[in-house]
Amino acid sequence: MMTKSISLLLTTLIPLGLSISVLACNKTLLLAASDAYISSQTAGALTSLQLYLSTNWTYVENNKATDPKKGVLSKSLKIDHRRTNTDLVACATYTEIIITDAANPYVIGTQLRHDDIDGKITLIDSIASTANSWIFDAKKTLQYVLQEKWDVIPEGKRDSRAVIQAAGDAYMDMWSDASAPAKVPWGTPCVRLEGSAYTGTGKPDDSCKPGIPSNHSQAGNTHRRHVIDEAMGSVSIFCVWEHMMMAADSHEFRLEGRKLRYVHTMTVCGGKPCKL
């Protein structure tokens with residue numbers, strides 16, 4: 001039986017349109033779980049994560065269900081860079097990590113998805129790029145990432161979830177939809193970090209447009225999974241990059257003032273050299 005205090009709390013929340021998930025999904029929990037994920041990746045063991053894992057959680061690496069004991073999560077990695085975004089609506093996080101160790105270089109994007117009710121992690125979904133991945137060079141990637149400014153956007157200047165997701169999806173549609181480029185809110189300056197290739201030179205007219213597709217009749221980017229953080233102006237999109245060897249792909253976009261500012265990509269072609 002519910003205690004009177006819990007019953008009163010729910011009676012207060014429900015008329016406001018809030019679900020019971022509000023009680024479980026909060027930023028403190030999401031960041032603590034993300035910290036535990038980083039600790040587990042550093043150790044190459046799940047010990048730190050056990051407290052946060054659902055009993056029937058799933059591990060997906062490069063778009064394939066994988067035994068975590070055989071994936072990159074089982075490797076002890078020295079992490080040189082980490083940034084985590086939180087999504088309280090989807091009860092999820094996106095974490096970008098970079099490892100420059102010559103023996104085990106990686107650039108990894110990981111989405112953690114939590115159960116709305118108990119807050120436990122139900123899915124660890126990682127795109128783990130390394131040698132043979134598209135334009136891979138972890139040291140160069142780190143160099144460029146450290147030049148960028150990913151500050152929290154003041155509350156009154158934040159774009160809505162809908163605006164942020166629409167910008168990312170329009171960009172991802174460019175390979176299969178001729179009308180998509182006109183829907184992308186191109187910003188100036190804007191820089192794209194494609195693997196380790198950087199379109200920026202530090203000039204005010206830097207652009208994300210160089211290299212965008214001119215052929216819009218290619219296979220689409222499907223099976224998209226989104227994590228959106230309005231405070232960071234960011235949407236992380238994982239997908240199947242069908243026109244490049246059915247690759248596992250991560251694209252992250254940051255908007256500032258409704259305009260595209262940064263794009264980060266990772267593309268993994270099943271352990272083979274990526275080729276168009």
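All figures in this text were calculated on a predicted structure; none of them were measured in a lab. Values reported hereafter were calculated over all heavy atoms of this structure, with side chains retained and with hydrogens, waters and symmetry mates removed.
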Novice: Side chains of L49 and S40: closer than 4.5 Å at any heavy-atom pair?
Specialist: yes

Novice: Under 3.5 Å, is there a donor-acceptor pair between the D205 and T188 side chains?
Specialist: no

Novice: Under a plain distance cut-off of 3.5 Å, with no hydrogens placed, do D115 and S54 share a side-chain donor-acceptor pair?
Specialist: no

Novice: Tell me whether the count of non-hydrogen atoms from other residues, nucleotides or ligands lying under 6.0 Å of NZ in K140 goes above 12.
Specialist: no

Novice: Can you see which heavy atom on I164 is nearest to which on D159, and at what distance?
Specialist: CD1-O, 3.6 Å

Novice: Look at the side chain of R261 and the backbone N and O of K259, then say whether any donor-acceptor pair between them is shorter than 3.5 Å.
Specialist: no

Novice: Side-chain contact, heavy-atom cut-off 4.5 Å: N63 with I127?
Specialist: yes

Novice: Hey, quick one: are Y52 and L112 part of the same hydrophobic cluster, counting side-chain heavy atoms closer than 4.5 Å, chains of contacts allowed?
Specialist: yes

Novice: Are V72 and T66 close enough that some pair of their side-chain heavy atoms sits under 4.5 Å apart?
Specialist: no

Novice: Under a 3.5 Å distance rule, please check whether R254 uses its side chain to pair with a backbone N or O of M232 as donor and acceptor.
Specialist: yes

Novice: Suppose the criterion is ring pair (Phe, Tyr, Trp, His ring centres under 6.0 Å): which pairs have a residue in residues 102-137, not counting sequence neighbours?
Specialist: none

Novice: Could you check whether T201 and D206, counting side-chain N and O atoms only, form a donor-acceptor pair closer than 3.5 Å?
Specialist: yes

Novice: Roughly how far apart are W175 CH2 and N215 CG, rounded to 0.5 Å?
Specialist: 11.5 Å

Novice: Could you grab the distance from atom CD1 of I121 to atom OG1 of T58, nearest 0.5 Å is fine?
Specialist: 12.0 Å

Novice: Are I99 and M266 linked, directly or through other ILVMFWY residues, by side chains that come within less than 4.5 angstrom of each other?
Specialist: no

Novice: Please tell me if the side chains of H251 and T265 come closer than 4.5 Å, counting only heavy atoms from C-beta onward.
Specialist: yes

Novice: May I ask you to test the Y171-I237 pair for a side-chain heavy-atom distance under 4.5 Å?
Specialist: no

Novice: So, does S126 use its side chain to make a donor-acceptor pair with the main chain of A128 at under 3.5 Å?
Specialist: no

Novice: Kindly give the heavy-atom pair with the smallest separation between G109 and F238, and that separation in Å.
Specialist: O-CZ, 3.4 Å

Novice: Compare all side-chain heavy atoms of H216 with those of P181 and state whether any distance is below 4.5 angstrom.
Specialist: yes

Novice: Hydrophobic clustering (ILVMFWY, side-chain heavy atoms < 4.5 Å, transitive) - are V263 and I98 grouped together?
Specialist: no

Novice: Rounded to the nearest 0.5 Å, what separates atom CG in D80 from atom OG1 in T100?
Specialist: 3.5 Å

Novice: Can you see which heavy atom on T199 is nearest to which on C208, and at what distance?
Specialist: OG1-CA, 4.4 Å

Novice: Say whether F253 and M174 are linked into one hydrophobic cluster, either directly or through other cluster members, by side-chain heavy-atom distances under 4.5 angstrom.
Specialist: yes

Novice: Could you tell me if D169 and H226 have a donor-acceptor pair between their side chains, going purely by distance under 3.5 Å?
Specialist: yes

Novice: Can you tell me if T84 and S34 form a side-chain donor-acceptor pair at under 3.5 Å?
Specialist: yes

Novice: Taking atom OG1 of T141 and atom CG of L146, what is their separation to the nearest 0.5 Å?
Specialist: 10.5 Å

Novice: So which heavy atom on G211 is nearest to which on R192, and how close?
Specialist: CA-NH2, 4.1 Å

Novice: In the hydrophobic cluster built from side-chain contacts under 4.5 Å, what are the other members alongside L31?
Specialist: none

Novice: Given 3.5 Å as the limit, does a donor-acceptor pair link the side chain of K139 with the main chain of D101, or not?
Specialist: no

Novice: Should side-chain heavy atoms under 4.5 Å link Ile, Leu, Val, Met, Phe, Trp and Tyr, which residues sit in the same cluster as L88?
Specialist: L30

Novice: Any side-chain heavy atom of H243 within less than 4.5 Å of one from N221?
Specialist: yes

Novice: What are the two closest non-hydrogen atoms of R258 and P185, and how far apart are they?
Specialist: O-CB, 3.2 Å

Novice: Could you work out, with disulfide bond (SG atoms under 2.5 Å apart) as the rule, every residue matching C269, not counting sequence neighbours?
Specialist: C274

Novice: Do Y262 and V191 have side chains that get closer than 4.5 Å, going by heavy atoms?
Specialist: yes

Novice: Under 3.5 Å, is there a donor-acceptor pair linking the side chains of T110 and Y37?
Specialist: yes

Novice: Checking one residue: M246. Which other hydrophobic residues are in its cluster under the side-chain 4.5 Å linking rule?
Specialist: V240

Novice: How far does OG of S236 sit from CD of E252, to the nearest 0.5 angstrom?
Specialist: 6.0 Å

Novice: Any pair with a residue in residues 144-155 that passes side-chain hydrogen bond (donor to acceptor under 3.5 Å, both in side chains), sequence neighbours left out, goes on the list, sorted by first then second residue, please.
Specialist: E148-W150, E148-Y198, E148-H264

Novice: The test is side-chain contact (heavy atoms from CB on, under 4.5 Å); show your working for V89 and I228 and say whether it passes.
Specialist: CA-CA 8 Å; V89 174; I228 302 167; over 6 Å; no

Novice: Do you reckon V268 sits in the same ILVMFWY cluster as V60, going by side-chain contacts under 4.5 Å, direct or chained?
Specialist: no

Novice: For I153 and L255, which heavy atoms make the closest approach, and how far apart are they?
Specialist: CD1-O, 3.5 Å

Novice: Start with the C-alpha gap between R82 and D35, add the side-chain angles, then the distance that decides, and say whether salt bridge (charged side-chain N to carboxylate O under 4.0 Å, His left out) holds.
Specialist: CA-CA 10 Å; R82 172 265 183 106; D35 287 344; 2.8 Å; yes

Novice: Could you grab the distance from atom NZ of K78 to atom OG1 of T42, nearest 0.5 Å is fine?
Specialist: 9.5 Å

